[in-house]
Amino acid sequence: MQSAVLVEHLSKSYGSLQALKDVSLDIKEGEFFGLLGPNGAGKTTLISILAGLCRPDSGRAFIMGTNVQTNFIESRRLLGVVPQELVFDPFFTVRETLRFQSGYFGIRNNDDWIDEIMTHLDLISKANSNMRWLSGGMKRRVLVAQALVHRPPVIVLDEPTAGVDVELRQSLWKFISRLNQDGHTILLTTHYLEEAECLCGRIAMLKSGQVVALDTTQNLLARYGSHKAQAGQEVDLEDVFIQIMAGE
């Protein structure tokens, strides 16, 4: 099976701070992959490298076999990124925003797909609303829609449900799960560990810029939750995360 995201020995420093230290990952096509870690672990730096927003000091990164550094334009076409920050242009409506995003990738007459995305994200009623008047949750939905307008095979979700209500979280995950079932590869970072446990087939955990755990979700639960399981207690990913971050 082809690698959707391949990271080989990536390192990146900002002055005296080493954000990534020899990180390697191989995410296969069609996976729902979780990237977990505390604030400052290096998750956003890794995503920035994949998106071509910063260059590593050493190592290589590939999206669907395309080198991110030497073929940025093609690799960016293969990737959709939903950032943490609510970044938007306050002068356009939702539909105009999505049309402009399509244009950045050279796509014209994309309204049918835009309508389908907006329908699934419950944005149709807001299609002609100015972005500045949307709630935080609605702006978050538009960010997801922007990441999908060019139909990328790989989708990166960087804390996509941070600060949104439960209803939006549920509808968003239903839609994202459907995309994954349709063959899209999903890379998720989240602080909601129950989301990762429910959605991700494999998980990597970063600590101080290094991969400290990498396995299937079930194997991680079995390995680090054995003592609680033997005592008849329920094991969840939060227990595993705490143990790994504590170096146990």
Side-chain angles (χ1 to χ4, degrees), residues 3-12 14 17-54 56 59-64 68 75 78-85 140 143-144 147 152-163 169 172-173 176-177 179-180 184-221 223-224 236-245 247:
S3 298
V5 178
L6 180 61
V7 169
E8 297 179 330
H9 306 292
L10 281 187
S11 293
K12 176 66 178 179
Y14 298 98
L17 173 65
Q18 187 156 17
L20 294 175
K21 304 175 185 177
D22 195 33
V23 171
S24 295
L25 294 171
D26 187 355
I27 303 171
K28 299 300 184 182
E29 280 189 87
E31 277 200 88
F32 204 129
F33 191 92
L35 184 64
L36 308 181
N39 291 333
K43 304 185 300 296
T44 299
T45 296
L46 178 56
I47 290 171
S48 296
I49 291 172
L50 293 176
L53 299 177
C54 70
R60 302 185 301 172
F62 300 85
I63 305 294
M64 301 296 292
V68 171
S75 67
L78 297 167
L79 186 69
V81 180
V82 181
Q84 287 187 46
E85 298 80 10
R140 182 73 64 186
L143 291 182
V144 175
V154 182
I155 302 167
V156 175
L157 305 167
D158 192 5
E159 301 286 351
T161 56
R169 286 173 63 187
L172 177 60
W173 289 128
I176 295 299
S177 294
L179 290 172
N180 181 239
H184 291 267
T185 304
I186 311 294
L187 172 58
L188 167 70
T189 77
T190 180
H191 283 106
Y192 296 109
L193 298 182
E194 70 276 12
E195 288 182 347
E197 182 175 343
C198 179
L199 295 165
C200 300
R202 282 201 305 148
I203 289 173
M205 295 188 185
L206 289 179
K207 180 181 179 182
S208 301
Q210 295 178 294
V211 176
V212 292
L214 173 58
D215 209 334
T216 67
T217 306
Q218 290 306 311
N219 284 347
L220 288 171
L221 290 170
R223 185 186 314 156
Y224 289 91
D236 60 29
L237 192 60
E238 184 174 357
D239 297 319
V240 175
F241 184 82
I242 292 171
Q243 288 183 58
I244 291 174
M245 292 302 116

Which distance, rounded to the nearest 0.5 Å, do you find between the OG of Ser208 and the CD of Gln18?
10.5 Å
Between Val212 and Met245, is there a side-chain heavy-atom distance shorter than 4.5 Å?
yes
Would you check, one step at a time, whether the test side chain to side chain contact (heavy atoms under 4.5 Å, CB included) holds for Leu78 with Val154?
CA-CA 6 Å; Leu78 297 167; Val154 182; 5.6 Å; no
Where do Leu214 and Ile203 land on the side chain to side chain contact (heavy atoms under 4.5 Å, CB included) test, with the steps shown first?
CA-CA 6 Å; Leu214 173 58; Ile203 289 173; over 6 Å; no
Look at the side chain of Ser11 and the backbone N and O of Lys21, then say whether any donor-acceptor pair between them is shorter than 3.5 Å.
no
Minimal non-hydrogen separation, Val5 against Leu50, with atom names:
CG1-CD2, 3.9 Å
Evaluate the criterion side-chain hydrogen bond (donor to acceptor under 3.5 Å, both in side chains) for residue pair Ser3 and Glu29; output intermediate values, then yes/no.
CA-CA 6 Å; Ser3 298; Glu29 280 189 87; over 6 Å; no
Atom pair CZ/CG of Phe33 and Leu25 - distance to nearest 0.5 Å:
5.0 Å
Non-hydrogen side-chain atoms of Val7 and Leu46 separated by less than 4.5 Å:
yes
Working to the nearest 0.5 angstrom, can you tell me the gap between Leu36 CG and Leu188 CG?
7.5 Å
Tell me whether His184 contacts the main-chain N or O of Pro152 through its side chain, where contact means a donor paired with an acceptor under 3.5 Å.
yes
Under a 3.5 Å distance rule, please check whether Thr217 uses its side chain to pair with a backbone N or O of Cys200 as donor and acceptor.
yes
Can you check side chain to side chain contact (heavy atoms under 4.5 Å, CB included) on Val211 and Leu206, steps first, answer last?
CA-CA 5 Å; Val211 176; Leu206 289 179; 3.6 Å; yes
Shortest non-hydrogen contact between Pro56 and Lys12, atoms and distance:
CA-CD, 4.1 Å
Considering all heavy atoms, the nearest Gly42-Leu20 contact:
O-CD2, 3.5 Å
Val81 and Asp158, any side-chain heavy atoms less than 4.5 Å apart
no
Under 3.5 Å: donor-acceptor pair, side chain of Gln210, backbone of Lys207
no
If you measure from NE2 on His9 to OG on Ser24, what distance do you get to the nearest 0.5 Å?
4.0 Å
Give a yes or no on whether the backbone of Asp239 and the side-chain of Asp236 come within a donor-acceptor separation of less than 3.5 Å.
yes
Show your working on salt bridge (charged side-chain N to carboxylate O under 4.0 Å, His left out) between Arg140 and Glu159 and close with a plain yes or no.
CA-CA 10 Å; Arg140 182 73 64 186; Glu159 301 286 351; over 6 Å; no
With a 4.5 Å cut-off on side-chain heavy atoms, are Tyr14 and Cys54 touching?
yes
Would you compute the distance between atom CD1 of Ile155 and atom CD1 of Ile176 and round it to the nearest 0.5 angstrom?
5.5 Å
Non-hydrogen atoms of Gln84 and Thr44 that approach each other most closely:
NE2-OG1, 3.2 Å
After noting the C-alpha distance and the side-chain angles of Thr190 and Glu195, does the key distance pass the side-chain hydrogen bond (donor to acceptor under 3.5 Å, both in side chains) rule?
CA-CA 8 Å; Thr190 180; Glu195 288 182 347; 3.1 Å; yes
Would you say the side chain of Trp173 lies within less than 4.5 Å of the side chain of Pro160, judging by non-hydrogen atoms?
yes
Not counting sequence neighbours, list each pair that qualifies as a salt bridge (Lys or Arg N to Asp or Glu O under 4.0 Å) and has a residue in residues 184-193.
none
Is Glu238 atom CD crowded by more than 12 heavy atoms from other residues, nucleotides or ligands, each under 6.0 Å away?
no
Let me see the working for Leu10 and Asp22 under side chain to side chain contact (heavy atoms under 4.5 Å, CB included), right down to the final yes or no.
CA-CA 5 Å; Leu10 281 187; Asp22 195 33; over 6 Å; no
Main-chain N/O of Thr185 paired with Glu31 side-chain donor or acceptor, under 3.5 Å:
no
Which residues pass the side chain to side chain contact (heavy atoms under 4.5 Å, CB included) test with Asn180, sequence neighbours left out?
Phe32, Ile186
Kindly say whether Gly37 contributes a backbone atom to a donor-acceptor pair with the side chain of Lys43 at under 3.5 angstrom?
yes
Ile49 to Val68 - nearest heavy-atom pair and separation
O-CG1, 3.2 Å
Please step through salt bridge (charged side-chain N to carboxylate O under 4.0 Å, His left out) for the pair Arg223 and Asp215, ending with a clear verdict.
CA-CA 10 Å; Arg223 185 186 314 156; Asp215 209 334; 2.3 Å; yes
